[in-house]
Amino acid sequence: MKFVLNHDLVEEIAPAADTTLLRYLRETKRLCGTKEGCASGDCGACTVLLGELENGRIHYRTVNACITPIAAANRRHLVTIEALASSGKLHPAQQEMLDNHGSQCGFCTPGFVMSLAGLHQQLLADEEAQADRAQVCEAISGNLCRCTGYRPIVDAGLKMVQAPNEAHRLDAQAQIEQLASITDTDAPADYLQPQSRKELQQGLALHPDARLIAGGTDLLLEVTQQCQPIPKIIDLSGVKELHRIEECDGVIHLGAALTYRELETFFAGRSSSISALLERIGSRQIRNRGTLGGNIANASPIADLPPLLLALDASITLADNRGAERQLPLAEFYRGYKDTALEIGEYLAEISFPARAVNDFHRAYKVSKRREDDISAVMAAIRLRTRASEYGDVFTEVRIAFGGMAATPVRVTTAESKLLGCTRQDESALHAALAAVAETLKPIGDVRASADYRLQIAQNLLRSAWHALNSERSKNHASEALHA
């Protein structure tokens with residue numbers, strides 16, 4: 001495999017498939033500015049930049065080196081803290097951190113600097129972009145500091161974005177030419193990187209024992225947290241067909257290898273509720289790597305997207321190593337805790353759902369101990385469709401789904417039936433639905449939340465969605481009356 005490491009073109013022969021970027025940088029290259037804090041993608045101390053050549057420019061994204069395989073750097077530009085200073089001058093992110101006293105012990109500082117440098121590069125790449133405090137905070141949302149406090153770090157970021165410095169552009173012509181010169185290179189022998197579904201099928205047929213990876217934000221924890229080797233990996237992230245994102249004949253089709261970052265772009269103008277949920281999934285580093293398919297196929301009962309997709313009536317497409325496909329409702333994919341309908345030789349290829357479902361009133365709520373970069377205690381997704389009648393707006397379609405309440409993501413059809421056919425102002429129907437939630441769900445208690453807390457929160461989230469719908473419709477009716 002070949003890639004550009006800071007300023008140098010590097011070739012590595014057959015590193016182990018499960019070698020992480022962090023381990024490679026620190027142990028092989030002795031670039032120890034990249035720190036290991038949590039080894040799980042939570043603290044951001046290991047943040048580096050990965051750049052990919054597209055249309056003559058290099059586009060960068062921040063990633064957690066501790067849970068990113070070294071093979072992900074193949075044909076890319078890998079930038080570490082050691083390369084930021086240019087011609088003896090500190091990068092603006094470094095200089096402002098220094099000037100604003102943004103570092104004390106310094107352990108987390110390289111990660112913060114790299115996250116800010118990623119934002120700086122983004123501003124240089126988009127001349128019309130204007131960064132504000134919210135964007136600075138979002139850029140460092142995946143970085144933890146335990147001694148300084150975030151105020152001086154945010155100040156440093158705000159000073160940095162006031163005047164992005166072209167002299168510190170990371171995609172210099174030399175790096176562009178180096179990447180362009182990489183025309184034929186193979187990934188490590190035990191780390192397959194198919195570029196099409198045909199190549200993926202061939203890889204699955206030859207290596208049925210290989211583990212599938214797209215972002216690896218969860219799979220690599222087996223290596224870093226459990227010290228379990230993964231001898232053979234098939235990487236789906238380069239399969240072009242799995243990045244499909246299209247609305248066709250009233251159906252939205254999403255490829256399983258789409259990253260959260262790509263989903264954010266797609267839903268930005270379509271649904272504020274879904275966009276808000278996507279912003280709560282992990283950190284920017286995680287969303288740059290994590291994928292839709294991984295969030296589903298991992299089969300975690302607290303995954304954020306499955307309840308939303310259940311509420312949208314999503315179906316999934318499973319494909320095998322011969323090219324055969326089968327479709328099934330997402331609700332039938334989960335069989336039990338960490339148990340799915342995937343058979344040996346199969347992979348999750350696509351997720352689809354009616355486009356009109358996105359246009360319905362819907363809410364996605366995530367409850368967690370920490371707003372940024374945390375996993376759910378309770379996840380709720382509620383979709384409500386009404387039609388006008390002589391009695392008022394009547395519910396014609398109701399979807400209520402939860403995560404964190406059972407061994408699998410679950411729809412509460414008993415509660416849905418209590419609202420169906422009732423008017424949106426009928427509080428007795430709401431109370432019946434809330435009672436059905438309490439009767440149907442039997443959550444467990446753990447370190448994140450007690451069973452009683454989870455159940456009360458689930459009911460309160462349904463109540464919140466019901467009130468939000470009525471508030472929204474009342475405002476619409478008032479506006480219509482005003483303009484009549």
Side-chain angles (χ1 to χ4, degrees), residues 271-274 276-277 280 301-302 304-314 329-331 353-354 356-368 376-406 408-445 449-481:
S271 169
S272 58
S273 179
I274 296 176
L277 172 62
R280 294 286 310 282
I302 54 172
D304 293 315
L305 293 180
L308 170 66
L309 295 169
L310 286 174
L312 295 175
D313 285 342
L330 178 61
F353 49 85
R356 69 173 189 165
V358 179
N359 298 325
D360 290 339
F361 173 88
H362 60 274
R363 289 292 185 272
Y365 300 107
K366 175 174 178 173
V367 178
S368 56
S376 302
V378 178
M379 173 67 208
I382 295 120
R383 178 169 65 88
L384 305 168
R385 181 181 300 167
T386 62
R387 64 171 173 79
S389 75
E390 59 181 306
Y391 306 105
D393 293 342
V394 174
F395 289 114
T396 59
E397 199 163 300
V398 179
R399 297 291 183 269
I400 303 170
F402 292 100
M405 305 297 290
T408 67
V410 61
R411 261 183 63 191
V412 189
T413 56
T414 54
E416 294 172 358
S417 66
K418 300 299 182 182
L419 292 176
L420 199 61
C422 299
T423 64
R424 64 178 173 84
Q425 300 95 339
D426 186 350
E427 290 200 26
S428 64
L430 171 64
H431 292 311
L434 294 173
V437 168
E439 293 169 4
T440 304
L441 298 177
K442 306 297 179 185
I444 64 169
S450 68
D452 289 342
Y453 176 84
R454 281 193 164 101
L455 192 55
Q456 182 176 344
I457 286 294
Q459 292 174 297
N460 287 347
L461 293 178
L462 174 56
R463 191 192 307 271
S464 178
W466 187 85
H467 282 297
L469 170 68
N470 279 284
S471 176
E472 181 180 286
R473 296 297 161 82
S474 296
K475 289 179 181 178
N476 289 341
H477 290 166
S479 177
E480 290 169 5

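Predicted model, so just to flag it, every value in this text is computed and none were measured.
- We find the OG-CG distance between S376 and L277 to be 8.0 Å, quoted to the nearest 0.5 Å.
- Counting all heavy atoms, side chain and backbone alike, I400 lies closest to E416 at N-OE2, 2.8 Å.
- Residue pairs meeting the salt bridge (Lys or Arg N to Asp or Glu O under 4.0 Å) criterion with at least one partner in residues 458-468, sequence neighbours excluded, are absent.
- Among residues two or more places apart in sequence or in another chain, the side chain to side chain contact (heavy atoms under 4.5 Å, CB included) test is passed with A429 by L419, C422, D426.
- Under the 4.5 Å side-chain criterion, counting only non-hydrogen atoms from C-beta, V412 is not in contact with L462.
- Of the possible polar contacts, none joining the R399 side chain to the R383 backbone as a donor-acceptor pair under 3.5 Å is found.
- The main-chain N or O of A377 is found under 3.5 Å from a side-chain atom of R454 such that the two form a donor-acceptor pair.
- Sorted by first and then second residue, the side chain to side chain donor-acceptor pair (under 3.5 Å) pairs with a member in residues 429-442 read T414-T440; sequence neighbours excluded.
- When all heavy atoms of P301 and T408 are compared, the pair lying nearest together is CB-N, 4.3 Å.
- To the nearest 0.5 Å, atoms CD1 (I457) and CG (D452) are separated by 12.0 Å.
- The minimum heavy-atom distance between A388 and D393, with the atom names listed, is CA-OD1, 3.7 Å.
- Interatomic distance, CD of E472 versus CZ of R424, reported as 9.5 Å (0.5 Å rounding).
- Here K418 pairs with nothing under the salt bridge (Lys or Arg N to Asp or Glu O under 4.0 Å) rule; sequence neighbours left out.
- When all heavy atoms are compared, the tightest approach of V378 to F402 is CG1-CD2, 4.5 Å.
- In this structure, CZ on R411 lies 7.5 Å from CG on L310, to the nearest 0.5 angstrom.
- Between P307 and G403, the shortest heavy-atom distance links the atoms CG-N, 3.5 Å.
- The shortest heavy-atom contact between P409 and P306 is CG-CB, 3.6 Å.
- At a threshold of 4.5 Å between non-hydrogen side-chain atoms, the residues M379 and I302 do not count as touching.
- Using a 4.0 Å cut-off between charged nitrogen and carboxylate oxygen, D304 and K366 count as a salt-bridge pair.
- S271 pairs by the side chain to side chain contact (heavy atoms under 4.5 Å, CB included) definition with S273, I274, V358, H362, not counting sequence neighbours.
- Counting heavy atoms from C-beta on, the side chains of E427 and W466 come closer than 4.5 Å.
- Between atom CG of residue L434 and atom CD of residue Q456 there is a gap of 11.5 Å, rounded to the nearest 0.5 Å.
- The structure places OG1 of T386 at 6.0 Å from CG of L469, a figure rounded to the nearest 0.5 Å.
- No more than 12 heavy-atom neighbours from other residues, nucleotides or ligands sit within 6.0 angstrom of OH on Y453.
- Counting only heavy atoms from C-beta outward, the side chains of L330 and L312 never approach each other to under 4.5 Å.
- R385 pairs by the salt bridge (Lys or Arg N to Asp or Glu O under 4.0 Å) definition with D360, E397, not counting sequence neighbours.
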